[in-house]
Amino acid sequence: MLRLGLCCVFKEHPVKFRKTTAKYLAQFPDEERKKRLSGLCANNAKSLLKALEFCRENKIGSFRINSQILPLKTHPEMGYDISELPDSDEIVNDFKSCGAFSQKYDIRTTFHPDQFVILSSPNPDVIRKSIQDLDYQAQVAEWVNADVINIHAGGVYGDKPSAVLRLMKTIDTLAEPVRKRLTLENDDRSYSPIDLLPVCAKLEIPMVYDVHHHRCLQDNLSVEEVTIESMKTWDREPLFHISSPKDGWGSSNPRKHHDYININDFPKEWLALDITVEVEAKAKELAIKKLMQDIKSL
DNA sequence: AGCGGTCAAGTTGAT
DNA sequence: ATCAACTTGACCGCT
């Protein structure tokens, strides 16, 4: 079965994830900061369960968890350990409830750390902070039973072979909770599937195939070929990404995402596969609903 | 109640 | 040299 995935937030369904800013928190004494952060984390854990319930009710098979589910978790000044929060027990229990729920109803959960997590950087401090962030997301992934932490390969720095070497070396140092979930996704600027497939094969890391990115940054491989080759990198259900260009393929910037998925952008050969396809469309759950209908009426 | 300005982080490429 | 884009809104603080 094909499983569609919702990314992070809702367009209409009233479930919200809360966050704060370091600047705002800075005005409060430490105890008050922890109290506020605790409240946000507790809210987000409960919101995650509601999000998963929505997925079950609407036959959405997968949910991507926002990187800020624990706000400012690894911030240099405002960062914290979960045990420092007044409601830490309740928070962890609520996340574990999410894990039990997703297992019971087979809702897959994933993480997609944002663009600041870069394992190919020549700057050791960037690497250090990236690993810190991955460790944090792996901690939550353990609670909620998420099986994917998906990142991009990062920058090129004028020398792609060297950047790829650094990427591979860094991945080798990762802790097991991160390593066993880590996946690499082709991006729309620097790393196409043909760059990543050998890396994924060598490190035995799955490749998340984003067909929209591939169409923006092409190599000499076809969609059919990359579909087959990336499938081979998975030891579990493969995860792919789909989106459509906001202003069409002829526009000056086709990288921008549309509110919905144009069914013509959905690779037909994916329809028969047992895969998860995360839907990167701004209309969120509405876009998934429409895509489900469009697929059905093919 | 509504709205504008702001928000941790890195890298690239368009202007 | 600056800035938007990247998975994207939510938040505060002003009116």
Side-chain angles (χ1 to χ4, degrees), chain A residues 5-28 36-37 39-40 43-44 47 51 62-80 109-134 136-137 148-160 163 166-167 170 183 185-191 208 210 212-213 216-217 239-247 251-259 261 277-285 287-288:
Chain A
L6 175 62
C7 297
C8 305
V9 295
F10 296 88
K11 174 82 176 179
E12 286 187 350
H13 183 61
V15 168
K16 298 286 180 198
F17 294 95
R18 303 190 55 207
K19 61 184 182 186
T20 187
T21 63
K23 268 206 176 131
Y24 177 70
L25 269 192
Q27 69 183 296
F28 302 110
R36 285 176 179 264
L37 287 165
L40 296 181
N43 169 87
N44 289 353
S47 288
S62 169
F63 185 75
R64 183 191 297 175
I65 300 170
N66 200 304
S67 305
Q68 287 271 32
I69 189 87
L70 302 182
L72 300 175
K73 177 71 170 66
T74 62
H75 186 274
E77 279 92 43
M78 300 296 152
Y80 52 93
T109 50
T110 70
F111 284 83
H112 193 4
D114 55 32
Q115 63 271 31
F116 310 109
V117 172
I118 293 171
L119 301 184
S120 60
S121 177
N123 180 343
D125 213 46
V126 172
I127 299 284
R128 184 185 60 75
K129 285 189 280 190
S130 296
I131 293 175
Q132 203 184 356
D133 218 62
L134 289 171
Y136 138 57
Q137 298 193 39
V148 166
I149 300 177
N150 177 41
I151 62 170
H152 293 289
V156 171
Y157 315 92
D159 180 356
K160 196 179 275 188
R166 283 194 302 274
L167 171 69
T170 309
T183 64
E185 176 190 348
N186 62 301
D187 65 78
D188 55 12
R189 294 220 185 251
S190 305
Y191 291 91
V208 171
D210 187 315
H212 182 75
H213 288 162
C216 292
L217 179 72
L239 178 66
F240 293 171
H241 288 179
I242 185 74
S243 36
S244 284
K246 186 178 193 315
D247 304 305
S251 73
S252 59
N253 184 5
R255 294 192 302 276
K256 288 173 134 176
H257 289 177
H258 199 280
D259 287 349
I261 304 300
V277 179
E278 289 186 334
V279 178
E280 295 186 336
K282 295 187 175 215
K284 298 294 169 182
E285 76 275 20
I288 293 188

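Keep in mind that this is a model prediction, so the values were computed, not measured. Order of the sequence lines fixes the chain letters, A, B, ..., with proteins taken first and strands second; residue numbering starts at 1 for each chain.
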Subject >> Between dA9(B) (P) and Q115(A) (CD): distance, integer Å >> reply: 11 Å
Original post:
Roughly, in whole Å, what's the span from NZ in K256(A) to P in dT8(C)?
Top reply: 11 Å
Subject >> Rounded distance (Å) that lies between atom C1' of dA5(C) and atom NE2 of H112(A) >> reply: 14 Å
Original post:
NA contact type, H257(A), heavy-atom cut-off 4.0 Å: base, sugar-phosphate, or nothing?
Top reply: sugar-phosphate
**OP:** Report the residue (R36(A) or C8(A)) whose heavy-atom-nearest nucleotide on DNA chain C is the more 5′ of the two.
**Re:** C8(A)
**OP:** Classify the nucleic acid contact of Q68(A) as base, sugar-phosphate or nothing, counting any heavy atom under 4.0 Å across all strands shown.
**Re:** base
Original post:
What does V156(A) touch in the nucleic acid at a heavy-atom separation under 4.0 angstrom: a base, only the sugar-phosphate, or nothing?
Top reply: sugar-phosphate
Original post:
Expressed as a whole number of Å, how far does the P atom of dG4(B) sit from that of dT7(C)?
Top reply: 27 Å
Subject >> Residues in side-chain hydrogen bond (donor to acceptor under 3.5 Å, both in side chains) contact with T109(A), at least two apart in sequence or another chain >> reply: none
Original post:
If pairs are Watson-Crick or G-U with both distances under 3.5 Å, what is the dot-bracket string of DNA chain B, marking crossing pairs with [ ] and pairs to another strand with |?
Top reply: |||||||..||||||
**OP:** Rounded to the nearest angstrom, tell me the gap between atom CG in L239(A) and atom C1' in dT7(C).
**Re:** 13 Å
Subject >> Side chain of E280(A) - closest among dA8(B), dT12(B), dT7(C) >> reply: dT7(C)
Subject >> pair V117(A)-I131(A): side-chain heavy atoms closer than 4.5 Å >> reply: no
Subject >> Nearest-angstrom distance from the residue atom CD of E12(A) to P of dG9(C) >> reply: 13 Å
Original post:
Under a 4.0 Å N-O cut-off, is there an ion pair linking E280(A) with R64(A)?
Top reply: yes
Subject >> F116(A) over dG10(B), stacked by centroid distance under 5.5 Å, angle under 30° >> reply: no
**OP:** Decide whether a cation-pi geometry holds between K160(A) and Y191(A); the criteria are a distance under 6.0 Å from NZ or CZ to the six-membered ring centre and an angle within 45° of the ring axis.
**Re:** yes
**OP:** Output yes when at least one side-chain N/O atom of Y24(A) is less than 4.0 Å from OP1 or OP2 of dC12(C), else no.
**Re:** yes
Original post:
Counting side-chain heavy atoms from CB outward, which of dT12(B), dT8(C), dG10(B) is closest to K282(A)?
Top reply: dT8(C)
Subject >> Rounded distance in Å - CG (L25(A)) to C1' (dA10(C)) >> reply: 14 Å
Original post:
Looking for any heavy atom pair under 4.0 Å, which part of the strands does S121(A) touch: base, sugar-phosphate only, or nothing?
Top reply: sugar-phosphate
Original post:
Nearest to the side chain of K19(A), which nucleotide is it out of dT12(B), dA10(C), dA8(B)?
Top reply: dA10(C)
Original post:
Nearest-Å distance, CD (E285(A)) to C1' (dT8(C))?
Top reply: 14 Å
Original post:
Expressed in whole Å, how much space separates the P atoms belonging to dC3(B) and dT8(C)?
Top reply: 23 Å
**OP:** Determine: side-chain N/O of H213(A) to OP1/OP2 of dT7(C), distance under 4.0 Å, yes or no.
**Re:** yes
**OP:** Please tell me which of the listed nucleotides, dA5(C), dT11(B), dG13(C), lies nearest to the side chain of Q27(A)?
**Re:** dG13(C)
Original post:
Between R166(A) and Y157(A), is NZ or CZ placed under 6.0 angstrom from the six-membered ring centre and within 45° of the ring axis?
Top reply: yes
Subject >> Atom P, compared across dA8(B) and dC11(C): separation rounded to whole Å >> reply: 14 Å
Original post:
D114(A) near the nucleic acid: base, sugar-phosphate alone, or nothing, with a heavy-atom cut-off under 4.0 Å?
Top reply: base
Original post:
So, the side chain of N66(A) versus the backbone of I69(A): is there a donor-acceptor pair under 3.5 Å, distance only?
Top reply: no
**OP:** Ignoring backbone atoms, establish whether K23(A) has a side-chain N or O less than 4.0 Å from OP1 or OP2 of dT6(B).
**Re:** no
**OP:** Can you figure out which of dA10(C), dA8(B), dT7(C) approaches the side chain of D133(A) most closely?
**Re:** dA8(B)
**OP:** Tell me whether the OP1 or OP2 atom of dC11(C) has a side-chain N or O from R18(A) closer than 4.0 Å.
**Re:** yes
Subject >> Whether over 12 other heavy atoms sit under 6.0 Å from K246(A) NZ >> reply: no
Subject >> Distance in angstrom units between L72(A) CG and dC7(B) P, rounded >> reply: 13 Å
Subject >> Contact nearer the 5' end of DNA chain B, comparing H75(A) with Y157(A) >> reply: H75(A)
**OP:** Look at T20(A) and dA10(C) and indicate whether a side-chain polar atom (N or O) is within less than 4.0 Å of OP1 or OP2.
**Re:** no
**OP:** Is it possible for you to check whether K73(A) lies under 6.0 Å from the centre of the six-membered ring of Y80(A), through NZ or CZ, and within 45° of that ring's axis?
**Re:** yes
**OP:** Over 60° means perpendicular and under 30° means parallel, so classify the ring planes of H241(A) and H112(A), tilted if in between.
**Re:** tilted
